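Chain letters run A, B, ... following the sequence lines, proteins first, then strands; residues in each count from 1. Small disclaimer: the values here were computed from a predicted structure and weren't measured.
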Amino acid sequence: MLPTRRLRSVGGLVIAMLGGAVLTAQPIVLLGATTLLAGIVIIQWQATTEFTTVQDHLTVEAAAAEQRTVPDGSLPITITATLDKPAAATVSLAIAYGPGLEGPTETVSLEPGATQTHVRHDVAFPIAGQFSLPTIRCTIEDSSGTVTETFEIDEHVTVTVEPPAPSDIHVGQRGDRLGGQYGEHRSEMTGSGTEIAELREYRPGDSVGMIDWKATARLNDPYVREFEAETARHMTLLIDGRPSLWDGPRGRSKLAYLREVALGFVQMAETAADPLSLSVIEEQGLRIQHATAETTTHYQRVRWTLQNIAPEQSTTARSTATARRGPAEAGHIAQQLTGQTSAFATTLQPYFADPGSYIERLADDPLFGAVRRSTESGSQYDWTVLFTDDTDPRRTIEAAKMAARNDGVVTVFVTPSLLFTANQHPAQQLYDDYIDFEKFRSELDAIPRVTAYEVSPESQLRAVLAADRTQTTRTAGTGDV
Amino acid sequence: MRQVTQHYNTLAEKAPITGRTGALLGSGLAAAGSLNVLLGPFGLLVALCGLLTGWRGNGPLGILVLHAGVLLGAGASPLWAIGLLETAALLLIVAEFQPLREWHAFVGIIGLSAVSGGGALLLVPEYGIVVVTVGIAGIAGVLLYLGHRYEQLTLGLLQPTNEP
């Protein structure tokens, strides 16, 4: 309970009268002060009764028009206050939006005698995440305007802000959907666990507790049962966020599809409590990096980062330089040029003279550089998951090789650019482009310890694959004639 | 976009203005009767000033005016005149604050001011005005603090303590 300015002025008068009574030694002035004090005590009692009545009969509701929206979207929020019976006190409701929510600092009053009021305003949600509407501060002023009381009402209204996500995600190989979970991983070690790894003969030094007595009795030799060790696999998510990954309509870009797969990996890591790190790569290099951790807050932060990746704001033009040849091919050409004296060969020889500089040239590539950095401290229990497209196949292949160099496991998710371009190519050309993409994916998949999957819109992919069937049927029909 | 609507209960009772007017008139009459005895015709002028102050919406200041006017008089004041003056002060404060115009609040303020005023008059000759003034201020402070805590308790606003 807080005094208003009115009560403070009355309090000032009481103090003045008490002082005056002491100074003048006149009890009659003291009587005036006691009358005022008695009035204040009774007013306080009356205010308590009014506040209790209002609290008992007041219902405040805050409601969002919808429970979900997209970043930069807005939702109408309605705050309704209802009193079962009219009150003499004035009720004010104030709501102030904090970080993550952009709305007016709204105050709405329920005047004496009013039974219902409601205010409706738009609240913007600029970033993705889960947001609760702030608590509503309810201030009641008694009918004499002398005291106020404030309490908070929390309606627990939660709005989930998610980027527009594609619903027809195809993850697979050669146009076939992947069966099972692409995240399942097996442990390479044996140790204490629940999954049986093998049954082997007892060796001196093995613990007696490991002996499988049933197998021993059956085979007449001591046998021990070994289990797959439960290991925590360090998962590194590398998201290519360069301009080419933003091809496609909003919410259906390459990155939107890859993001959904990446979010699945975050969910899986959280379920298994696996350490997880995230790097987002852009044209300028590494932009966002979350170091390895396995806390709930960390998983939430990674999820938030994934949901809020935005296109690069820099004016850098899209890089068109591609690495067309690998070191083996360059070495082969250098061998062919050796000993030739033609003007053409003489001109080309210096460019192939130093094959060692190939890695140095690739080091300028942001994706390759990020992969190299992330694998520098890697071990065989590392699992690198790379999300990119087929814009620069050679560099992607080299990046995957780099990721797998420490005997780590690498999974690459690539999106075929042909399914995200606005140009209307003939169906047969699209199919041919898909075959080229599939060759690239197969080449990736052929790298030891690397598995490559395509991520694409299901409907577009089916249309491209159907084009081949149509063409085949047509060709067959022509042959018949 | 902002829309605000309010629904009023048209049958809601409104505070009767006659309550305030009646209290002010009663206060004016009581003050005039009291101050006329204590100060003579000048007392009527002081009573009128107090009434006008209360009428303009500043009853507590009107109470100060009435009691300050008494200080101008000389000699002992009869007890009934003092009682009449306090009745005028009481009606001024009732006219000022609407919640005091309810019967139970009205009876409460009469009882409380009678007890505190009577006690003060009885105790001043024995303990002196300073002790009694400090005592009344202290008791009022304790009463207001207890009222504040009770209000928080009934509204469920008391913070939980760290005690086990």
Side-chain angles (χ1 to χ4, degrees), chain A residues 1 9-10 13-22 24-52 55 76 85-86 88 104 106 108-122 142-144 146 149 151, chain B residues 1-9 11-15 60-61 63-64 66-68 70-71 77 82 85-86 89-90 93-94 96-100 102 105 108-113 115-117 119-121 124 129-130 132-134 136-137 140 143-144 147-148 150-152 154-157:
Chain A
M1 188 181 277
S9 65
V10 175
L13 277 177
V14 170
I15 291 168
M17 290 178 81
L18 289 173
V22 171
T24 60
Q26 290 287 337
I28 195 154
V29 183
L30 183 60
L31 290 182
T34 57
T35 305
L36 276 176
L37 281 171
I40 292 172
V41 169
I42 299 295
I43 285 169
Q44 188 196 35
W45 180 260
Q46 287 286 87
T48 301
T49 311
E50 284 181 12
F51 294 165
T52 313
Q55 196 189 41
K85 65 176 190 177
E106 196 72 76
V108 61
S109 293
L110 201 60
E111 300 296 334
T115 53
Q116 193 186 58
T117 185
H118 78 261
V119 63
R120 187 180 161 93
H121 55 261
D122 287 336
D142 78 319
S143 57
S144 63
T146 50
E149 185 55 88
F151 52 89
Chain B
M1 182 190 75
R2 184 179 190 274
Q3 297 173 349
V4 182
T5 56
Q6 288 227 13
H7 299 290
Y8 283 89
N9 185 339
L11 299 175
E13 291 179 14
K14 293 189 176 176
L61 193 62
I63 294 172
L64 183 69
L66 295 182
H67 287 82
V70 177
L71 295 177
S77 309
I82 293 172
L85 183 70
E86 291 314 311
L90 206 132
I93 200 169
V94 165
E96 180 74 19
F97 298 105
Q98 190 263 333
L100 298 179
E102 290 180 26
I109 192 173
I110 287 174
L112 203 56
S113 58
V115 169
S116 58
L121 284 178
V124 164
I129 190 133
V130 176
V132 174
T133 303
V134 171
I136 285 175
L143 277 177
L144 289 172
H148 169 67
Y150 174 75
E151 179 256 358
Q152 288 195 313
T154 45
L155 293 180
L157 298 175

**Message:** Can you give me the closest heavy-atom contact between A:A21 and B:I129, atom names plus distance?
**Reply:** O-CD1, 3.7 Å
**Prompt:** Out of B:V115, B:V134, B:L143, B:L121, which one racks up the most heavy-atom pairs below 4.5 Å with chain A?
**Reply:** B:L121
**Prompt:** Roughly how far, to the nearest 0.5 Å, is the CD1 atom of A:I28 from the CG atom of B:L85?
**Reply:** 5.0 Å
**Minimum heavy-atom distance between B:L64 and A:M17, given as atom pair plus value** = CD1-CG, 3.2 Å
**Message:** Quick check on A:T49 against chain B: is it the side chain, the backbone, both or neither that has a heavy atom closer than 4.5 Å?
**Reply:** neither
**Asked** So which part of B:L61 gets closer than 4.5 Å to some heavy atom of chain A, the side chain, the backbone, both or neither?
**Response** both
**Contacting region of B:E102 [heavy-atom separation from chain A under 4.5 Å]** = side chain
**Asked** What distance do B:L157 atom CG and A:F51 atom CZ have between them, rounded to the nearest 0.5 Å?
**Response** 10.5 Å
**Prompt:** Heavy-atom distance under 4.5 Å to chain A: side chain of B:L155, backbone, both or neither?
**Reply:** both
**Prompt:** Looking at B:I93, B:I110, B:I109, which hits side-chain contact (heavy atoms from CB on, under 4.5 Å) with A:I42?
**Reply:** B:I109
**Message:** Can you give me the closest heavy-atom contact between A:G32 and B:H67, atom names plus distance?
**Reply:** CA-NE2, 3.2 Å
**Request:** Could you grab the distance from atom CG of B:L90 to atom CG of A:L31, nearest 0.5 Å is fine?
**Result:** 12.0 Å
**Request:** Specify the closest pair of heavy atoms between A:V10 and B:P60, including all atoms of both residues, with the distance to one decimal.
**Result:** CG2-CG, 3.7 Å
**Request:** Heavy atoms only: give me the nearest B:P99-A:E50 pair and the separation to one decimal.
**Result:** CG-OE2, 4.2 Å
**Shortest non-hydrogen contact from B:L100 toward A:G39** = CD2-O, 4.2 Å
**Request:** Decide yes or no for B:Q152 and A:M1: does some side-chain heavy atom of the first lie under 4.5 Å from some side-chain heavy atom of the second?
**Result:** no
